[in-house]
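Right, one structure below, let's go through it.
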Amino acid sequence: MKKAYVLINCSLGSEKEILEALRSLSSVKEAHGTFGAYDIIAEVITDSTDKLREEITWKIRKLPYIRATLTLTGVVGQS
C-alpha cells in the first residue's frame with residue numbers, strides 16, 4: 001500500500017464542495033478542513049506508486065476550485 005497526504009489550497013468558500021468530492025473518491029481515506037497555510041488535508045491510499053500519482057494528478061488536482069496542492073509521501077524505513 002502506498003500512502004500520501006495532499007495539502008490543498010482552494011478558492012474561498014469552496015471548501016465544503018471540495019471535501020464532499022474528495023470523500024467520494026475511493027482512494028481518499030480521510031479529508032479534513034484545516035486552519036493555516038492550507039485549506040484541506042486529504043489522506044490518499046492506493047496499491048501502487050503509479051496509481052497514487054494517477055489519483056492525485058488526474059482526479060484530485062483536476063477538481064474545480066483547487067488552486068494548488070502539496071503532496072507528502074512517506075519515507076521507506078521510517079514508520
Side-chain angles (χ1 to χ4, degrees):
M1 299 298 251
K2 300 297 178 184
K3 182 189 294 189
Y5 295 94
V6 182
L7 306 174
I8 298 168
N9 283 122
C10 59
S11 299
L12 185 63
S14 64
E15 296 86 356
K16 184 177 178 182
E17 181 179 338
I18 293 171
L19 283 167
E20 288 173 1
L22 289 168
R23 290 174 180 150
S24 74
L25 298 174
S26 62
S27 61
V28 175
K29 303 309 173 195
E30 290 190 44
H32 302 281
T34 61
F35 290 113
Y38 292 91
D39 303 308
I40 295 171
I41 184 169
E43 179 184 38
V44 183
I45 300 176
T46 62
D47 293 332
S48 69
T49 303
D50 288 337
K51 182 71 174 163
L52 188 64
R53 184 175 25 253
E54 251 179 56
E55 291 289 308
I56 294 167
T57 303
W58 300 110
K59 292 184 181 177
I60 294 174
R61 293 186 67 194
K62 298 296 181 184
L63 289 172
Y65 309 113
I66 289 184
R67 296 188 344 221
T69 64
L70 174 69
T71 301
L72 305 171
T73 57
V75 176
V76 176
Q78 290 183 355
S79 50

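We count residues from 1, following the sequence as given.
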key: Passing option when Arg53 is tested against Thr49, Asp50, Thr57 for side chain to side chain donor-acceptor pair (under 3.5 Å)   = Asp50
To the nearest 0.5 Å, what is the distance between [atom1] ([X]) and [atom2] ([Y])?
{"X": "Cys10", "Y": "Lys16", "atom1": "SG", "atom2": "NZ", "value": "14.0 Å"}
{"X": "Thr73", "Y": "Ile56", "atom1": "OG1", "atom2": "CD1", "value": "8.5 Å"}
{"X": "Leu52", "Y": "Lys2", "atom1": "CG", "atom2": "NZ", "value": "9.0 Å"}
{"X": "Thr34", "Y": "Ile40", "atom1": "OG1", "atom2": "CD1", "value": "7.5 Å"}
{"X": "Leu63", "Y": "Leu22", "atom1": "CG", "atom2": "CG", "value": "5.5 Å"}
{"X": "Met1", "Y": "Asp47", "atom1": "CE", "atom2": "CG", "value": "5.5 Å"}

Least distance between heavy atoms, Thr71 atom then Ala4 atom =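 Shortest heavy-atom separation between Thr71 and Ala4 comes out as CG2-CB, 3.9 Å.
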ask   = Can you name the nearest heavy-atom pair linking Ser27 to Glu55, along with the distance?
value =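 Scanning both residues completely, I find the closest heavy atoms to be OG-OE1, 2.6 Å.
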ask   = Hey, quick one: are Val6 and Ile45 part of the same hydrophobic cluster, counting side-chain heavy atoms closer than 4.5 Å, chains of contacts allowed?
value =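 Shared cluster, no.
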query = Below 4.5 Å, heavy atoms only, C-beta onward: do Lys29 and Val44 meet side chain to side chain?
reply = no
Inspect the surroundings of [atom1] in [X] and state if more than 12 heavy atoms from other residues, nucleotides or ligands are less than 6.0 Å away.
{"X": "Arg61", "atom1": "CZ", "value": "no"}
{"X": "Leu72", "atom1": "CG", "value": "yes"}
{"X": "Tyr38", "atom1": "OH", "value": "yes"}

task = Any chance you could lay out the side chain to side chain contact (heavy atoms under 4.5 Å, CB included) test for Val28 and Ile60, step after step, and finish with the verdict?
result = CA-CA 9 Å; Val28 175; Ile60 294 174; 4.1 Å; yes
request  = Would you please test Ile8 and Asp39 for side chain to side chain contact (heavy atoms under 4.5 Å, CB included) and show each step?
outcome  = CA-CA 6 Å; Ile8 298 168; Asp39 303 308; 5.9 Å; no
query = Do the side chain of Glu15 and the main chain of Gly13 share a donor and acceptor less than 3.5 angstrom apart?
reply =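 Yes, Glu15 side chain to Gly13 backbone: donor-acceptor pair under 3.5 Å.
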key: Check: Ser14 side chain, Glu17 main-chain N or O, donor-acceptor pair, under 3.5 Å   = no
